[in-house]
There are 2 protein chains.
Amino acid sequence: MAITSTEEVTDVLREHIMSGHIRPGQKLQQIPLSEALGVSRTPLRTALANLANEGLLQYESNRGYTVREFSLEDVSAAYVARSVLEGQAAAITARTGLPAQRIETLESWLETGDRLLAKASLDPRDIDPYRDMNVRFHDALLDAAANRWISDFVRQTQNIPFASNRLIIWLDHDIMVRSHDDHHRVLRAIAARDATRAEAIMREHVQFAGEYLCECVKRGDLPAGIGHSPAGSDTIVSAGETSALTRVRAEKQKPREQA
Amino acid sequence: MAITSTEEVTDVLREHIMSGHIRPGQKLQQIPLSEALGVSRTPLRTALANLANEGLLQYESNRGYTVREFSLEDVSAAYVARSVLEGQAAAITARTGLPAQRIETLESWLETGDRLLAKASLDPRDIDPYRDMNVRFHDALLDAAANRWISDFVRQTQNIPFASNRLIIWLDHDIMVRSHDDHHRVLRAIAARDATRAEAIMREHVQFAGEYLCECVKRGDLPAGIGHSPAGSDTIVSAGETSALTRVRAEKQKPREQA
DNA sequence: CGCAACAAAAATGTATCCAATTATTGGCCC
DNA sequence: GGGCCAATAATTGGATACATTTTTGTTGCG
């Protein structure tokens with residue numbers, strides 16, 4: 001319960017930006033925003049500075065903060081960077097080796113994915129469990145590499161509205177099956193201590209995901225496009241739930257009389 | 001002249017941390033610091049938040065900011081991450097291709113390095129020019145790759161006191177010559193549009209630099225060690241000049257009566 | 001003599017107020 | 001009629017005052 005207002009505001013705003021509730025290019029004015037959130041300008045300003053440092057907002061001296069706009073090239077470039085980073089993480093993990101027990105756990109996660117994809121076509125209800133499995137798997141490999149920089153950088157590449165690791169394009173069954181097969185192969189390469197192979201597969205896995213995403217956006221196959229999507233269309237893409245712009249601090253509850 | 005106090009304070013503090021004037025592990029108390037810098041706590045807090053996001057400071061709720069301590073493993077891990085990133089940048093540049101004129105410019109920079117290393121032994125006075133050349137060369141390749149994420153991440157790996165791109169270990173002549181030869185080979189590979197080779201050389205170039213740095217620190221060959229070095233010992237390592245903890249805003253000059 | 005609890009002091013977090021910079025609008029001149 | 005300059009309004013940045021939390025030191029009791 002030792003959460004500060006600043007952190008709360010930061011998280012809430014990040015959610016709103018990532019979910020597309022607050023649109024790219026939009027100017028964030030301090031007074032209206034602080035009133036809408038129910039906090040003073042001080043924690044809000046700190047939160048805005050934090051988000052600007054995270055790359056979600058753009059800041060200009062004396063001109064305030066605007067929600068950053070990401071071009072398709074930006075998204076593509078993010079996946080390129082992420083592919084080499086996750087590739088290196090896989091290579092490190094393969095070289096270091098993973099305890100047999102840990103490999104079994106990861107395999108069991110992948111088997112969850114196998115079951116979700118075993119059907120002849122894609123069931124929209126399966127997208128959330130699959131996404132969770134995907135996030136867990138990728139995060140586990142990053143953790144295993146034990147390189148704080150790589151983990152941080154990968155997280156930063158996911159600070160793009162509608163291009164995070166929580167995004168699954170649940171359109172083409174064959175592509176999903178192939179992508180999931182990559183997971184199996186990476187894990188097998190790691191188990192075999194084959195760093196070169198693990199790196200190559202992981203690189204291709206991530207880079208293809210990026211190219212596929214950009215292609216889908218270009219073709220208009222995604223319901224609303226990157227960063228412009230209102231919430232609620234998660235039958236094809238899923239990026240988690242969204243919430244209204246609610247007050248962070250409802251009231252000054254309990255003035256706390258100590259005994 | 002439209003610089004804000006926040007930016008000024010941020011830059012000043014970053015310099016002090018990077019130069020080792022403010023030591024790793026040290027607690028940064030807001031009131032004393034703001035008084036020492038001659039500003040109020042508001043811009044200082046923003047600056048501290050910025051530096052924490054950059055990774056130079058560590059923040060804990062209600063417990064303030066401390067200068068982050070980097071272990072040798074952290075430094076090593078940073079170089080590993082940086083090696084794949086710069087490797088990928090070199091590969092992209094090689095694939096994209098570089099105008100002949102640009103290649104000539106880069107070559108002329110490298111020739112500057114050639115001349116500095118042509119002597120039989122290392123002259124301490126040559127370290128600064130060489131460092132500048134090195135920074136320019138690496139930055140140019142990053143720019144050429146035109147991937148904002150990669151550039152940003154590389155810059156972040158250099159946010160480590162005494163492990164930035166401005167650090168040159170001016171100890172062993174043979175190692176310097178070999179390292180500089182890597183530069184030539186990378187550029188040649190890029191000119192030949194050989195992405196695989198450019199990537200491999202650049203990776204090795206950066207990774208070795210990291211390993212060499214860590215070895216030197218372990219062996220105690222560096223005058224003061226990572227992050228513990230007081231300023232002034234730049235005969236062997238050079239990280240730029242340092243300055244005293246001076247007031248950012250000397251006084252409230254000219255109350256400015258407008259006509 | 002040691003541990004625990006309470007109190008005091010200091011530091012962080014928040015809010016409000018003031019100053020400085022920027023953008024917008026209206027008027028004036030070309 | 002259009003463009004430029006000036007003035008005003010709005011927004012951001014900085015300072016100070018206040019409340020809350022944490023930490024440390026001291027005292028009392030076991």
Side-chain angles (χ1 to χ4, degrees), chain A residues 1-13 22 25-53 56-68 247-259, chain B residues 1-14 22 25-53 56-68 246-259:
Chain A
M1 257 319 195
I3 228 86
T4 64
S5 286
T6 297
E7 296 171 55
E8 232 175 308
V9 170
T10 305
D11 290 343
V12 168
L13 280 181
I22 302 179
Q26 190 174 334
K27 208 175 167 191
L28 295 184
Q29 295 182 335
Q30 297 175 3
I31 295 176
L33 243 189
S34 64
E35 283 172 358
L37 291 165
V39 295
S40 80
R41 279 178 54 215
T42 309
L44 175 66
R45 284 174 55 169
T46 311
L48 290 174
N50 287 340
L51 293 172
N53 278 313
L56 279 172
L57 299 179
Q58 200 162 7
Y59 171 74
E60 288 171 284
S61 291
N62 296 319
R63 295 179 65 180
Y65 296 88
T66 51
V67 179
R68 177 151 156 209
R247 286 169 164 267
V248 169
R249 286 287 153 86
E251 71 239 305
K252 276 294 211 176
Q253 67 238 25
K254 48 181 173 182
R256 182 165 313 177
E257 67 263 337
Q258 53 253 42
Chain B
M1 258 318 199
I3 227 84
T4 63
S5 287
T6 297
E7 297 169 55
E8 231 175 308
V9 170
T10 305
D11 291 343
V12 168
L13 282 181
R14 189 190 295 111
I22 302 179
Q26 189 174 335
K27 213 176 165 191
L28 295 184
Q29 297 177 336
Q30 297 179 2
I31 293 177
L33 242 190
S34 64
E35 283 172 358
L37 292 166
V39 294
S40 82
R41 281 178 50 219
T42 310
L44 175 66
R45 283 172 51 122
T46 312
L48 291 173
N50 288 339
L51 293 172
N53 277 314
L56 279 172
L57 299 179
Q58 200 162 7
Y59 172 75
E60 290 172 284
S61 292
N62 297 318
R63 295 185 67 180
Y65 296 87
T66 51
V67 180
R68 179 151 154 209
T246 51
R247 286 169 165 266
V248 169
R249 289 286 151 88
E251 68 238 307
K252 276 292 209 175
Q253 67 240 25
K254 48 180 171 182
R256 182 162 316 179
E257 62 264 338
Q258 54 253 46

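Quick note on labels: first sequence line is chain A, next is B, and so on, each numbered from 1.
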Report the distance from atom [atom1] of [X] to atom [atom2] of [N], rounded to the nearest whole Å.
| X | N | atom1 | atom2 | result |
| --- | --- | --- | --- | --- |
| B:Ile31 | C:dT14 | CD1 | C1' | 14 Å |
| A:Glu7 | C:dG13 | CD | P | 9 Å |
| A:Asn62 | C:dA19 | CG | P | 17 Å |
| A:Leu44 | C:dT16 | CG | C1' | 15 Å |
| A:Glu60 | C:dA20 | CD | C1' | 18 Å |
| A:Leu37 | C:dA15 | CG | C1' | 16 Å |
| A:Glu35 | D:dT11 | CD | P | 11 Å |
| B:Gln29 | C:dA10 | CD | P | 11 Å |

With a 4.0 Å cutoff (strictly under), does any side-chain N or O of [X] reach OP1 or OP2 of [N]?
| X | N | answer |
| --- | --- | --- |
| A:Tyr65 | D:dG13 | no |
| A:Ser40 | C:dT16 | no |
| A:Arg63 | C:dT21 | no |
| B:Gln30 | C:dA11 | no |
| A:Ser61 | C:dT21 | no |
| A:Thr42 | C:dG13 | no |

Contact class for B:Thr46 (heavy atom, under 4.0 Å): base, sugar-phosphate, or nothing? nothing

Using a cut-off of 4.0 Å on non-hydrogen atoms, how would the nucleic acid contact of A:Leu28 be classed: base, sugar-phosphate, or nothing? sugar-phosphate

Taking the side chain as every heavy atom from C-beta outward, state whether [X] and [Y] have any atom pair closer than 4.5 Å.
| X | Y | value |
| --- | --- | --- |
| B:Val39 | B:Glu8 | no |
| B:Asn50 | B:Thr6 | yes |
| A:Arg45 | B:Thr42 | yes |
| A:Thr66 | A:Leu57 | no |

With nearest nucleotide decided by heavy atoms, which residue, B:Lys27 or A:Lys27, maps closer to the 5′ end of DNA chain D? A:Lys27

Begin from the C-alpha positions of A:Leu33 and A:Leu13 and carry the test side-chain contact (heavy atoms from CB on, under 4.5 Å) through to its verdict. CA-CA 10 Å; A:Leu33 243 189; A:Leu13 280 181; 4.2 Å; yes

Does any donor-acceptor pair link the side chain of B:Arg41 with the base of C:dG13 at a separation under 3.5 Å? yes

Is a donor-acceptor contact shorter than 3.5 angstrom present between the side chain of B:Arg45 and the base of D:dG14? no

